[in-house]
Amino acid sequence: MSNTESAHGMWSSKLMFILAAAGSAVGLGNIWRFPYLAGENGGGVFVLAYLVCIFLIGVPILAAEILLGRAGRQSPINSMRNLARQSGTSSFWQLIGWMGALAGFMILSFYAVIAGWAMSYIVEMASGNFVGTDANRASQVFGEFTADAVSVVGWHTLFMALTIYIAARGVGRGLETTVRYLMPALFVLLLMLVFYSALATGHFKEGLMFLFSPDLDAFSTDSLLVAMGQAFFTLSLGMGAIMAYGAYMPKDTSIIGTATTIALLDTSVALLSGMIIFPLVFANGLQPSEGPGLMFITLPIAFGQMPGGQIFGALFFVLVSFAAITSSISLMEPAVAWVVEKLAVTRAKGAVLVGIIAWFVGLGSAFSFNIGADFTLLSGMTFFDTMDYLSNNILLPLGGMLIAIFAGWFLKDQIVEDELAGDKAWSNLWRVITRFVAPTGVMVVFVMTFL
Ligand code: PHE
């Protein structure tokens, strides 16, 4: 088969690939997960560790994943199989594809639950339920909502249905137009909220201090693992999502440049979210270590108090939900593309199959905040915590490490040279980092955590 197009479809331009990949990267990870993890892990040091992981480990692996995807032009599982074969090396490397698909299922399962929360907040906001709200009430509403298993599952189901619908429509249609308009809109609304935090909370400086001044006492090797996991999660890295998207990328686009752009976009959204949320935390006597509810408790306070907050708040959660959808479809893509190749079914059938399985697993996470809160798996963690921990802190970095090792050491030189033809200036640096720095970085963090 010719190597210039994918049978699944193609992005119509370089810009569209960037938008789609940025759409995958920017999501709940930036707005919901990054702030609460920073809050739980002492702020500044965590942010620093996260940034180091993003640029030293994340960007080179991001480039590697795009490269592998574009060279393979198929689902990650089959791309890896073919590339290993072409490079004359073991079919073991297919494991990257399989592990990735598994991680995708696990992440999608809880991702859809949290995205469901975000969707329900559109209605909460629009209905005026949060007008004039304070910290107590915002916490109470959040607690009551997540305790209501039926409604959580309802929203979770709705979100999954939308994801399936969009994924079923395929790469070009629907998706491209969605990201084209919604990502910029999200950015504008985030900026607006940063201004609000800076001007109206009176605690902007405290928020910035928390985010940017390293307090080494609060740092542990566990925080390091969490920071690395977050770097992978937020860049959609280590599980084949970017590899799958890379398969639909036009040939004449620079890979390293694109990877850097995506990482910069993604990181700025995360930092902006932190700059919005922490001033609100301090202004309202909340705890940074609030956990997964952090965004859902702080933002309603801000929207509840600002003029027009009812509308802006609803709009904000609309955009967060869209950001989540542009990520969730990419979580599905490796598995969907594989099902389509393997079973020769339509995309629609593939998406329904994958979505239903992930939805079912997601019930465990939906119940982790209510009827299943006492059910624990891995060392006292709820089902949700276990899924999140295993996928983000273990499977993604492990997958990323294997991707770096494969692309750096085993992939045929000719393929690397072809793919990096547009990246001459950076390709040697990329090689060195991908061969040595990125795999060692992941390994060191693993060893520090588990020994
Ligand atoms: N990067 C997405 C986010 O930050 C989540 C994601 C992870 C998407 C892995 C695809 C693959 O929300």
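We use all heavy atoms of the structure for the numbers below, so side chains are in, but hydrogens, waters and symmetry mates are not. What you are looking at is a predicted structure, and each value in this text was computed from that prediction instead of being measured. Counting starts at 1 for both ligands and their atoms, following the listed order.
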Do you know which two heavy atoms are closest between [X] and [Y], and how far apart they sit?
{"X": "Y196", "Y": "L280", "result": "CE2-CD2, 4.2 Å"}
{"X": "F130", "Y": "A138", "result": "CE2-CA, 4.3 Å"}
{"X": "L294", "Y": "Q287", "result": "CD1-O, 3.9 Å"}
{"X": "A103", "Y": "M239", "result": "CB-CB, 4.0 Å"}
{"X": "S327", "Y": "G23", "result": "OG-O, 3.2 Å"}

Of the protein's non-hydrogen atoms, which lies at the shortest distance from [atom], and what is that distance?
{"atom": "atom 12 (O) of ligand 1", "answer": "Y111 OH, 2.5 Å"}
{"atom": "atom 8 (C) of ligand 1", "answer": "S236 OG, 3.2 Å"}
{"atom": "atom 7 (C) of ligand 1", "answer": "F233 O, 3.3 Å"}

Would Y36 and I277 count as a side-chain contact (heavy atoms from CB on, under 4.5 Å) here? Give the steps. CA-CA 9 Å; Y36 95 75; I277 285 178; over 6 Å; no
Counting each atom of ligand 1 from 1 as listed, which ones have a heavy atom of [X] under 4.0 Å away?
{"X": "L28", "value": "12 (O)"}
{"X": "G27", "value": "3 (C), 4 (O), 12 (O)"}
{"X": "S24", "value": "1 (N), 2 (C), 8 (C), 10 (C)"}

Any N or O on [X] sitting closer than 3.5 Å to an N or O of ligand 1?
{"X": "L331", "value": "no"}
{"X": "G29", "value": "yes"}
{"X": "L235", "value": "no"}

To which of A270, S327, A25, G23 does the heavy atom nearest atom 4 (O) of ligand 1 belong?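 Ranked by closest heavy atom to atom 4 (O) of ligand 1, first place is A25.
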With backbone taken as N, CA, C and O and side chain as the heavy atoms from C-beta onward, which portion of R33 lies under 4.0 Å from ligand 1: side chain, backbone, both, or neither?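 It is neither; nothing of R33 touches ligand 1.
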Where on S330 is there a heavy atom closer than 4.0 Å to ligand 1, on the side chain, on the backbone, on both, or on neither?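 Side chain only; the backbone of S330 stays clear of ligand 1.
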For the pair F375 and F367, evaluate ring-ring contact (aromatic ring centres under 6.0 Å, His included) and give the outcome as yes or no after the intermediate values. CA-CA 9 Å; F375 172 75; F367 296 150; over 10 Å; no
Passing candidate, ring-ring contact (aromatic ring centres under 6.0 Å, His included) with Y121, options F296, F303, W155: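 Answer to the ring-ring contact (aromatic ring centres under 6.0 Å, His included) test with Y121 among F296, F303, W155: F296.
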Test side-chain contact (heavy atoms from CB on, under 4.5 Å) on M80 and F406 and set out the steps. CA-CA 9 Å; M80 284 309 303; F406 178 77; 3.5 Å; yes
F232: heavy atom below 4.0 Å from ligand 1, yes or no?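 No.
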